[in-house]
Amino acid sequence: MKATAKAPANIAFIKYWGKNDEELRLPANSSISMNLSNAATITTVEFSPRYSADEIRLGNQKMRQSEATRVSKHLERIRKLAKNKLFAKVVSQNNFPQKTGIASSASGFAALTLAAAGALNLELSEKELSILARIGSGSAARSIPDGFVEWKAGKTSGDSYAHSLYNEKFWDLRDIILVTSEEGKKVSSTKGHENAASSVFFKTRLKNLPDKIRKIKNALRKKDIKSFGEIVEQEAIELHVIMMTQNPPLFYWNSATIDIIRQVLQWREEGLPIYFTLDAGPNVHLICEGKEEKEVFKKVKGLSYVKNIIINSPTKGARIIDEESRNNNETIR
Ligand code: PMV
């Protein structure tokens, strides 16, 4: 009654922001992402009569109570499916440095879902796993399938899940994460989603999104970095405009964020095909093709406000692994 799973974090090119159903985490819009090779969570779940309550650890530490309750609630859903009442021990570890402001809820809930379902011998399809992971944390739905992923918003819980558009080998893209702040965010994305619709721009965003999604899927299919990167950037700016104009406003940027954005525009003007995107935090994700990695790395490693650089390629979705291999997970550069 024990299983270990590894799941990647993902970077959204078309962002999920705003929910139609809080409890079920049904998103206001569809989104598109890529799984990240160097930002993963590995989680072991063991159900046993030896435990009198769920015991949840992140790294060497006990999890904060509010987070542990959210994990326990998710375990409860999976126990219900398996008609099992045993408590579990959960040991979870991120292979990216802690306190980097990189959201680990996508990788965390995807790994938890797969490991818990595996430990209870639930035979779930990729679609069912994606739905379950989504209820734990929306963007976790996208960390289940391989490579480049689309999460169709759907209307009901049963039709809101992610599927792979292309596997990880399709396009040698990079997401070079520039960590400029090691602080966790003050307002969680769960909370932020709730107020998205109060932005005067939200309705317009939803109206325009189907066309934007059609265009980015076209650019992805053609591996057209210019069209793709331009949409990725516009989308990141739009996300943060919504955040800044919702009530209460949300400012996730710091001063380094804007410096890096300016720098990216400058490097692009000088001929380097590089684009930026941002999630619910100040760290900037640089998107370019693999052939540009060395040049980009040379440029960014000299920036004084960059505390850490994490280079990611596209990778597979969540999978069951041997418990022993959890230690062979040193992939950070
Ligand atoms: O799944 P959550 O609640 O962490 O929301 C993710 C929100 C963004 O990272 C801003 C966008 C996205 O689609 O990943």
Side-chain angles (χ1 to χ4, degrees), residues 3-16 31-45 58-59 74 90-98 100-118 126-127 129-134 136-151 161-177 179 189 220 232 277-281 283 285-287 290 293 308-322 325-333:
T4 298
K6 178 175 180 178
N10 63 73
I11 181 67
F13 299 128
I14 296 292
K15 312 289 184 178
Y16 146 53
S31 52
I32 292 178
S33 63
M34 176 182 103
N35 290 331
L36 303 179
S37 60
N38 276 327
T41 302
I42 295 185
T43 299
T44 301
V45 180
L58 180 60
H74 198 57
V90 177
V91 180
S92 198
Q93 198 131 27
N94 295 329
N95 83 340
F96 46 98
Q98 293 301 294
T100 48
I102 296 169
S104 48
S105 67
S107 52
F109 275 92
L112 176 72
T113 303
L114 188 58
E126 182 182 280
K127 169 180 163 180
L129 285 166
S130 176
I131 291 171
L132 248 183
R134 184 206 79 224
S137 180
S139 53
R142 296 191 310 241
S143 289
I144 298 286
D146 290 342
F148 296 85
V149 173
E150 179 178 33
W151 170 17
Y161 58 92
H163 69 106
S164 181
L165 290 169
Y166 302 100
N167 74 18
E168 67 284 358
K169 300 206 177 79
F170 172 70
W171 193 9
D172 188 27
L173 212 59
R174 293 289 179 279
D175 173 8
I176 302 177
I177 309 176
V179 178
S189 41
L220 179 60
V232 165
T277 185
L278 298 141
D279 268 351
N283 300 321
H285 295 242
L286 302 185
I287 307 297
E293 178 189 317
N308 210 331
I309 302 169
I310 305 174
I311 303 179
N312 298 280
S313 317
T315 193
K316 284 188 184 307
R319 56 211 177 272
I320 294 283
I321 59 168
D322 292 340
S325 65
R326 62 179 300 148
N327 299 325
N328 308 330
N329 201 31
E330 302 299 332
T331 42
I332 303 293
R333 276 193 265 180

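If you're wondering where the values come from, they're calculated on a predicted model, not measured in any experiment.
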### Query
Can you list every salt bridge (Lys or Arg N to Asp or Glu O under 4.0 Å) pair that touches residues 308-317, not counting sequence neighbours?
Glu168-Lys316
With sequence neighbours excluded, tell me which residues meet side chain to side chain donor-acceptor pair (under 3.5 Å) with [X].
| X | value |
| --- | --- |
| Ser130 | none |
| Glu150 | His163, Lys217 |
| Thr277 | Lys15 |
| Asp172 | Arg174 |

### Residue list, side chain to side chain contact (heavy atoms under 4.5 Å, CB included) with Ala5, at least two apart or on another chain
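Scan of Ala5 (side chain to side chain contact (heavy atoms under 4.5 Å, CB included), adjacent residues dropped) gives Leu114, Ala115, Ile320.
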### Query
Taking only residues two or more places apart in sequence or in another chain, which ones pass side chain to side chain contact (heavy atoms under 4.5 Å, CB included) with Lys169?
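For Lys169, the residues satisfying side chain to side chain contact (heavy atoms under 4.5 Å, CB included) (neighbours in sequence not counted) are Asn167.
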### Test ring-ring contact (aromatic ring centres under 6.0 Å, His included) applied to Tyr161 - qualifying residues, sequence neighbours left out
none
### Residue list, ring-ring contact (aromatic ring centres under 6.0 Å, His included) with His74, at least two apart or on another chain
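Expected list: Phe109.
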Return the minimal non-hydrogen interatomic distance between [X] and [Y], and the atom names on each side.
| X | Y | result |
| --- | --- | --- |
| Asp279 | Ala12 | OD1-N, 4.5 Å |
| Leu129 | Ala117 | CD2-CB, 4.2 Å |
| Asn38 | Asn312 | N-OD1, 2.7 Å |

#### Entry: Any donor-acceptor pair under 3.5 Å from Asp146 side chain to Gly317 backbone
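Yes, Asp146 side chain to Gly317 backbone: donor-acceptor pair under 3.5 Å.
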### Task
Could you tell me whether the side chain of Ser143 and the main chain of Pro8 form a donor-acceptor pair under 3.5 Å?
yes
Separation of [Y] [atom2] from [X] [atom1] (nearest 0.5 Å):
| X | Y | atom1 | atom2 | result |
| --- | --- | --- | --- | --- |
| Asn35 | Asp175 | CG | CG | 11.5 Å |
| Leu173 | Met34 | CG | CE | 5.5 Å |
| Phe170 | Leu220 | CZ | CG | 5.0 Å |
| Leu278 | Asn283 | CG | CG | 8.5 Å |
| Ser164 | Phe148 | OG | CZ | 9.0 Å |

### Message
Does Ser92 form a side chain to side chain contact (heavy atoms under 4.5 Å, CB included) with Thr41? I'd like the steps, not just the answer.
### Response
CA-CA 7 Å; Ser92 198; Thr41 302; 3.3 Å; yes
### Message
One pair to check against side chain to side chain contact (heavy atoms under 4.5 Å, CB included): Ile177 and Phe96. What are the steps and the verdict?
### Response
CA-CA 11 Å; Ile177 309 176; Phe96 46 98; over 6 Å; no
#### Entry: is_close_aromatic(Trp151, Tyr16), centroid dist under 6.0 Å
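So the answer is yes for these two rings.
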